[in-house]
Amino acid sequence: MGGLKVYNTMTRTKEELVPLTPGEIRMYSCGVTVYDLSHVGHAKMMIVFDVIARYLKAAGYRVTFVRNFTDIEDKIIRRANEEGVPAREISERYIAAFREDIAALGVEAPDAEPKATDHVAEMVALIERLVAGGYAYVMDGDVYFEVRRFPAYGKLSGKNLDELLAGARVDVDERKRDPRDFALWKAAKPDEPSWPSPWGPGRPGWHIECSAMAMRYLGESFDIHGGGQDLIFPHHECEIAQAEAVTHKPLARYWVHNGFVNLGKAKMSKSLGNTLTIRDIVKRHHPEALRLWILGTHYRHLLEWSEERVEEAARALARLTRLVDDASALGAAAGSVPSAFAGFAPRFVAAMDDDFNTPQALGVLFDFARALSEQRDRGLGTPEARADFVAGVAELVRLARVLGLLQRRLEGGGPPPEVERLVGERTEARARRDFRRSDELRAEIQRLGWLVEDTPGGPRLTRKSG
RNA sequence: GGCGGCGUACCCAAGUGGUUAAGGGAGCGGACUGCAAAUCCGCGAUGCGCCGGUUCGAAUCCGGCCGCCGCCUCCA
């Protein structure tokens, strides 16, 4: 078999995925800083890594997936001080919001979701090792990583140290030995939460938390480390430096970074941020339509936000859900996957094996859907035909769920008796060719939230989606 | 200035050396239908930003040019 290939930012090539431990994948992805509601960009990242984890599981790996919460950070502190509440109240509020949003998107929970503030001890321990090893120095209660001591710094982002120095727009902190050095520990300031440390009370720098937590949950070396493209530098570069300076092992074997969601000209954060939060979007669109839209472009590529594109995705999604509706309406038992449909799964796998090529995998799904519709329209008169169709749809659903699509349970609940009665009445009206009455009844049924369509096989009822 | 990416039909988007350039949305024609909807069938780039080059053969490799974008600072 060809095997799964992953694009590794470290080498800038697609590489065959070879786990450190056969049959097992340990992966870490940088989560969010919880100072505000999450937006579309976060949604893309969460969905991308959700799909990667789902696919690895489907491919037979035992997957351990860890995603952190950054719950101590400047913006959280600022917001807390603005509102006059403890930082913890802010972070807890937005962790809860994040969990709701992500659940609405159908993203599976990772195996662990560590918070930075629960792991300060590990961070302090790591910093102590860095200081002891001569990679870090203490200045007035701050601790800095000395970039010069770690020559590999820049290997992930393709930067070299001299250029970094030359173009240094980094804030010139005169206490640092070198402008490129970054903070591991920040001495406590008034109105800031702090933790005790050998260097006095303070709080951790941003980068150290991921090194510490990743190693705490996944070991000194693990398989996949992911995040948004913007994290390549400096965040992941710094993570590597902090970890590898003391372990002398690669922190992660494969670095996976997803492309951004653009909002045209305006910056997503402030002004437009509100209108593009996940919860806002989910009010207007089916979560799976959003997911289909996101997966319709390769994860490493840039996406341009567009209300219109998501609506198109919703229409495409409806083609798949209709098949599911039709299959469940038959109530027939599924047989084994008929040979006519056996070719789709291997094509799907081949697409996903190629650096998680979801656009291509979706193409396979829609080819599959057409084949199923075709068979359905040829006739489902015999029990064998019905069993084949139902089995085919079940196979389609199985594949779609690897992408987190068609997750909705198949039963779905039938129409209420009132609707059933009206449909029956309408069928009679049509039989007498009383089309005026028939159309009245269709309107009536619509008011009750159901759409009735006449198919060669009789009326079909669908719940009207919002 | 450094690093990286993008430019494929009306729109979105796969494909990165070799049969007819996936798929989705929109559109048009047909079948079906009381109407509608859905579905199926058919149609749509002799062409892949532009100009050269390599090759038996390139959207795919090389060179140049044009246009757009991200990162280099907190950021998914």
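All chains are named by letter (A, B, ...) in the order of the sequence lines, taking the proteins before the strands, and each is independently numbered beginning at 1.
- With contacts defined as side-chain heavy-atom distances shorter than 4.5 Å, the pair A:Trp255/A:Tyr7 does not qualify.
- If you check B:A36, B:G2, B:G15 against the side chain of A:Asp354, the one that comes closest is B:G15.
- In the set B:C69, B:C40, B:A76, the nucleotide with an atom closest to the side chain of A:His42 is B:A76.
- The base of B:A38 lies outside donor-acceptor range of the side chain of A:Arg460, with no N or O pair under 3.5 Å.
- Between A:Ala369 and A:Gly363, the residue anchored nearer the 5' end of RNA chain B, judged by the nucleotide with its closest heavy atom, is A:Gly363.
- Searching all strands for a Watson-Crick or G-U wobble partner of B:G7 with both distances below 3.5 Å returns B:C66.
- Looking at heavy-atom distances under 4.0 Å, A:Lys44 makes no contact with the nucleic acid at all.
- Computed from coordinates, the A:Glu440 CD to B:G34 C1' distance equals 15 Å when rounded to whole Å.
- The ring-ring contact (aromatic ring centres under 6.0 Å, His included) test with A:Phe182 is passed by exactly one of A:Phe150, A:Phe145, A:Phe233: A:Phe145.
- Evaluation of atom-type donor-acceptor distances gives no pair under 3.5 Å for the side chain of A:Arg370 against the base of B:C41.
- Comparing the C1' positions of B:C74 and B:G5 gives a spacing of 23 Å, expressed to the nearest Å.
- Contact annotation: side chain of A:Asn262 to base of B:G70, donor-acceptor pair absent below 3.5 Å.
- Among the protein residues, A:His235 comes within range of no part of the nucleic acid, since none of its heavy atoms lies under 4.0 Å from any strand.
- Between the OH atom of A:Tyr299 and the C1' atom of B:A14 there is a distance of 15 Å, given to the nearest Å.
- The P atoms of B:G1 and B:C12 are separated by 29 Å, rounded to the nearest whole Å.
- Using N1 to N3 plus N6-O4 or O6-N4 for Watson-Crick, or N1-O2 and O6-N3 for G-U wobble, each under 3.5 Å, B:G42 pairs with B:C28.
- Taking atom CZ of residue A:Arg322 and atom C1' of nucleotide B:U39, one finds them 9 Å apart after rounding to whole Å.
- Residues A:Arg347 and A:Glu374 each lie close to RNA chain B; by heavy-atom proximity, the contact nearer the 5' end of the strand is made by A:Arg347.
- Judged by the 6.0 Å and 45° rule, A:Lys44 forms no cation-pi pair with A:Tyr299.
- Across every strand in view, B:G1 sits in a pair with B:C72 that passes the Watson-Crick or G-U test at under 3.5 angstrom.
- Residue A:Arg309 has its side chain nearest to B:C12 when only B:A36, B:C12, B:A76 are considered.
- Among the nucleotides B:A76, B:C72, B:C35, the one closest to the side chain of A:Arg430 is B:C35.
- Residue-level contact check: A:His298 touches the backbone only, with heavy atoms under 4.0 Å from sugar-phosphate atoms and none from bases.
- Atom C1' of B:G53 sits at a distance of 48 Å from the matching atom of B:C40, rounded to the whole Å.
- Using C1' as the reference atom, B:A9 and B:G44 are 8 Å apart when rounded to the nearest Å.
- Residue A:Thr33 places at least one side-chain N or O closer than 4.0 Å to OP1 or OP2 of B:A76.
- Closest to the side chain of A:Ser438, out of B:C40, B:G25, B:G34, is B:G34.
- With rounding to whole Å, A:Leu303 atom CG is found 14 Å from B:A14 atom C1'.
- Following rounding to the nearest Å, A:Trp255 (CH2) and B:C71 (P) show an atom-to-atom distance of 20 Å.
- Under the Watson-Crick or G-U wobble criterion, with both distances below 3.5 Å, B:G23 is paired with B:C12.
- Side-chain atoms of A:Ser38 and A:Asp101 include no donor-acceptor pair closer than 3.5 Å.
- Across all strands shown, A:Arg426 has heavy atoms under 4.0 Å from base atoms, whether or not it also approaches the sugar-phosphate.
- When each of B:C69, B:A14, B:C11 is scored by its nearest atom to the side-chain atoms of A:Gln360, the top-ranked nucleotide is B:A14.
- For A:Thr297, taking side-chain heavy atoms from C-beta onward, the closest of the listed nucleotides B:A26, B:A22, B:A13 is B:A13.
- Put simply, A:Phe260 does not rest on the base of B:G70: the two rings are not both less than 5.5 Å apart at their centres and under 30° in tilt.
- With C1' as the reference atom, B:G52 and B:C66 are 15 Å apart, rounded to whole Å.
- No engagement by A:Arg378 is indicated, since no non-hydrogen atom pair under 4.0 Å with the nucleic acid exists.
- Considering only heavy atoms from C-beta on, A:Trp450 stays 4.5 Å or farther from A:Glu420 through its side chain.
- Rounded to a whole angstrom, the distance from the P atom of B:A22 to that of B:U46 is 13 Å.
- A:Glu311 comes within 4.0 angstrom of nothing in the nucleic acid, heavy atoms only.
- The separation between A:Leu365 atom CG and B:G24 atom P is 11 Å, rounded to whole Å.
- Using a 4.0 Å heavy-atom distance criterion, A:Phe366 is classed as a sugar-phosphate-only contact.
- Within 3.5 Å, no donor on the side chain of A:Ser157 pairs with an acceptor on the base of B:G4, nor the reverse.
- For the OP1/OP2 pair of B:G5 and a distance below 4.0 Å, the side-chain nitrogens and oxygens of A:Arg12 include no atom meeting the criterion.
- Here the CG-OH distance, from A:Asn8 to A:Tyr254, works out to 7.5 Å after rounding to the nearest 0.5 Å.
- Note: A:His119 and A:Tyr217 have perpendicular aromatic rings, judged against thresholds of 30 and 60 degrees for the angle between ring planes.
- Pairing partner, B:C35: none, since no Watson-Crick or wobble contact has both distances short of 3.5 Å.
- Atom P of B:G17 sits at a distance of 41 Å from the matching atom of B:G29, rounded to the whole Å.
- No side-chain donor-acceptor contact under 3.5 Å links A:His236 and A:His207.
- Nucleic acid contact for A:Asn357: sugar-phosphate only, since backbone atoms but no base atoms lie under 4.0 Å from a heavy atom of the residue.
- Picking from B:C72, B:G24, B:C69 the nucleotide with the shortest atom distance to the side chain of A:Phe233 gives B:C72.
- Residue contacts shown for A:Arg300 are absent, as no nucleic acid heavy atom lies under 4.0 Å away.
- In this structure, A:Lys115 fails the cation-pi test against A:Phe69, since its NZ or CZ atom is not both closer than 6.0 Å to the six-membered ring centre and inside 45 degrees of the ring normal.
- In this structure, A:Leu320 atom CG and B:U39 atom P are separated by 10 Å, rounded to whole Å.
- In summary, the side chains of A:Glu307 and A:His285 do present a donor paired with an acceptor at a separation below 3.5 Å, with no hydrogens or angles considered.
- For A:Asn68 and B:A76, the CG to C1' distance is 11 Å, given to the nearest whole Å.
- Taking 3.5 Å as the limit, the base of B:C35 and the side chain of A:Asp454 contain a donor-acceptor pair of atoms between them.
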